[in-house]
Amino acid sequence: MEIVYLTMKKTSKHNSEPLATALNYLSGRYVLPSFQRDYVWKKEQIEELFSSIYRGYPFGTMLLWRINSNGESPLLNETFYQFLFHYHEEKSNRAQNKISLLPYFDYWVVLDGQQRLTSLNIGLLGSYSKRARYQRKDNPDYPEYKLYMLISHDAENPFKFLKLSDINTVSDIFIDEAKGEKWLLVKRIFMADKARDLTRLFNLSPDEGDRVSDFKDALDNLKIEFSEMTGFDYNEATKVFVKVNSGGTVLAMSDILNSIIVSTWKTEKAKEAFKDLIENVANMGFSINTNYIVKSILFLHHADVRSQIQGFEDFVVGIEKKWPDIKIAIIETFSLLKSYGLNHSTLGGYNVTLPILYYIYHRHIQNPATAASFAKDKQEIKKWLLSAILMKVFGGSSDSTLRTVRSVFTEKKDIKKLNADDMTPLYSPSASDFVILPMKQGITSFPSVEMKQALGDEWYISDETIAKLVSETQKGDRYSLPILSLLYPDYDLTAVEYEQDHLHPMARYQQLPSGFATKENKPLYNSIVNLQLLQKTPNIQKGDKPLKDWVNEQTQGKDKKSFLDEHLIPDVLDEKDIADFFDKRKELLVEKLQNVLK
């Protein structure tokens, strides 16, 4: 590992510790700095790590920063964390245990190797709790897994996390009689004095005992190699962390930039502030991360929206004072999105939210979801946002798209002509005769038309795609709510709960004319062509009534044509004319979407 020395007084040496000693240090002497990212390894990665240890492959070298927290050391005021023993997919990253450094003790701050060391902790001494597949994030059931070794026969990777509720054993050994497999808890192997003690205790066969003995020997002989640095202060250690990690692909650029923010801010604890914001947004049904927060900060205040290291440290010093307003604007943005009936699954990519955030933040808009003064903007943003989602304008790598839409808001100005009442320019690390002001003076409403024009061919959707969206999007799909919201733009999903309702009830499908009620036509019957947005109570009252009966009931003493127009229903209601109904309604919906999107 290459170490970049920042001054001539820094020192480094290579050393190693037995596995047992290193694990003991993980209980308090090895600590994590606040600029380290959270634990991210999956169960399968831990299993592969133990397989490589079993086969004698190199474990890799750790990079440690040795510190002594003397009584007046500024490090006593910094935030450090203990290593995890029990990982919980939803809670662990938000509940890392802080540790207070004791004066006059030596500590080793782990700059590189956190994922491997934590994985050893979990596999040898702890557990891994992961949400079951297809369960919602807010489901309280996160089954606990522990690492076991297959000892009954040879396997390419004999290590596997077993769900404790499945194996139903109070012992440290699990026998799967159906598969003829015998599994032994890895923790029991590690804690045993000698492998032969386990052979006697569990009555293992000679081959089983040999496999356990081989793994026990591999653990006992494993040395944790590390490069130890001394003489660095906290900021210098951050720079080493960035240097070590910025050259590879394992650590995302957003993680590195986040590390710089964490180490640079003085009054605000960035790591806790970011986690608090992430939880706030999660409570509204969305799932942002540090990558989104860093991208938002860049988009709001940096001349270049790309995630890059150059000049970033100087930039984030000034951002700390702006953080409270940034946090409020992000919360307000997702509150607005929630009022449209959107959530994580229907929103899809999150870059599409940044122009909305930019507008709310730089215009200092409060309560956009409910403010009467914002009603016109709210409707325009809704139409623009839902259209962008359907056209996938911000999909994939969209830095160029973000630069294009932000240029609609910004104004380039000669630095000599700046006025006292001009907004603070966007940050740029390079000197120039011109600066970029974040908002043109003439922008008083959300510039949806101007952004569409700026995007040009990127803001495009073909007639064929619109027809497919209408006829192939199924009830409850990711795009069903955005499409229906565009078709029924005047419905306020904040004040009243709306549901996606089949005009011709699904329960009556088999009673339709035999030529239509086929297996091939069922997806069409469940598509947007047969859906409307209907308030929850009226939908319950509608039940499984035939469409014709329901319309007649709703239009007694009323203008039937107005009712049909409002609900986008063609005047072909009888079930015997079902094929004609689908043709006419598809034509009606496609035409309306074309007008909105194009």
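Throughout, residue positions are numbered sequentially from 1 according to the sequence presented.
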Rounded distance [0.5 Å steps], [atom1] in [X] versus [atom2] in [Y]:
X    : Y    : atom1 : atom2 : result
F85  : L120 : CZ    : CG    : 11.0 Å
L184 : I151 : CG    : CD1   : 5.0 Å
I122 : L117 : CD1   : CG    : 11.0 Å
L111 : F226 : CG    : CZ    : 13.0 Å
N351 : L357 : CG    : CG    : 11.5 Å
M149 : W183 : CE    : CH2   : 10.0 Å

Are [X] and [Y] side-chain neighbours, meaning at least one heavy-atom pair lies under 4.5 Å?
X    : Y    : value
E225 : H14  : yes
T199 : V212 : no
L385 : V352 : yes
F80  : L101 : yes
V496 : T537 : no
I67  : T230 : no
T333 : I330 : no
I175 : K179 : no

Side chain to side chain contact (heavy atoms under 4.5 Å, CB included) assessment of L298 paired with V294: CA-CA 6 Å; L298 288 166; V294 171; 4.2 Å; yes

Using a 3.5 Å distance criterion without hydrogens, assess whether the side chain of [X] forms a donor-acceptor pair with backbone atoms of [Y].
X    : Y    : value
N121 : L84  : yes
K271 : Q36  : yes
R66  : Y107 : no
S339 : L336 : yes
N283 : E279 : yes
W265 : V316 : yes
E472 : S527 : no
S213 : D210 : no

For D399, is there an ion pair with K295 - N to carboxylate O distance below 4.0 angstrom?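 Here K295 pairs with D399 in a salt bridge, since their nearest N and O are under 4.0 Å apart.
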
Do you see a donor-acceptor pair shorter than 3.5 Å between the side chains of [X] and [Y]?
X    : Y    : value
N539 : E499 : yes
S119 : Y39  : yes
Q474 : N526 : yes
Y292 : T353 : yes
H344 : Y350 : yes
S127 : E144 : yes

The test is salt bridge (Lys or Arg N to Asp or Glu O under 4.0 Å); show your working for K327 and D276 and say whether it passes. CA-CA 10 Å; K327 175 183 175 181; D276 179 65; 2.6 Å; yes

Tell me, which pairs form a salt bridge (charged side-chain N to carboxylate O under 4.0 Å, His left out) where one or both residues lie in residues 149-166, sequence neighbours left out? D154-R211, K163-D166

Side-chain donor-acceptor pairs of residues 16-33 under 3.5 Å, sequence neighbours excluded:
| unit_1 | atom_1 | unit_2 | atom_2 | d |
| --- | --- | --- | --- | --- |
| R29 | NE | D106 | O | 2.8 |
| R29 | NH2 | D106 | O | 3.0 |

Non-hydrogen atoms of [X] and [Y] that approach each other most closely:
X    : Y    : value
T118 : F83  : OG1-CD2, 3.2 Å
M284 : K338 : O-CD, 3.9 Å
G180 : S152 : O-OG, 3.7 Å
G209 : L204 : N-CB, 4.1 Å
F190 : L124 : CB-CD2, 3.9 Å
L150 : A155 : CD2-CB, 3.9 Å

Is it the case that more than 12 heavy atoms not belonging to M191 sit under 6.0 Å from its CE atom?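 It does not: M191 CE has 12 such atoms or fewer within range.
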
In terms of heavy-atom contacts, does CZ of R196 have more than 12 from other residues, nucleotides or ligands at under 6.0 Å? no

side-chain hydrogen bond (donor to acceptor under 3.5 Å, both in side chains) for S480 and Q500? Distances and angles first, verdict last. CA-CA 9 Å; S480 61; Q500 299 179 33; 3.1 Å; yes

May I ask you to check whether F274 and W323 place their ring centres under 6.0 Å from each other? yes

Is the F159 to Y148 ring centre distance short of 6.0 Å?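 Between F159 and Y148, the centre distance exceeds or equals 6.0 Å.
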
My understanding is that only residues two or more places apart in sequence, or in another chain, count here; which of them pass side-chain hydrogen bond (donor to acceptor under 3.5 Å, both in side chains) with [X]?
X    : result
K182 : E208
E272 : Y81
D501 : Q532, K542
N343 : S345, T346

Would Y498 and K536 satisfy side chain to side chain contact (heavy atoms under 4.5 Å, CB included), going step by step from the backbone distance to the final call? CA-CA 5 Å; Y498 281 83; K536 183 175 183 179; over 6 Å; no

I would like to know whether S227 and L64 meet side chain to side chain contact (heavy atoms under 4.5 Å, CB included); could you show each step before the answer? CA-CA 6 Å; S227 291; L64 308 181; over 6 Å; no

For the residue pair Y128 and Y87, does the interplanar ring angle fall in the parallel (under 30°), tilted (30 to 60°) or perpendicular (over 60°) class?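 If you compare the ring of Y128 with that of Y87, the planes turn out tilted.
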
Between K43 and Y145, is NZ or CZ placed under 6.0 angstrom from the six-membered ring centre and within 45° of the ring axis? yes

Applying side chain to side chain contact (heavy atoms under 4.5 Å, CB included) to I326 and I319, what does each step give before you reach the verdict? CA-CA 9 Å; I326 294 174; I319 289 297; 4.2 Å; yes

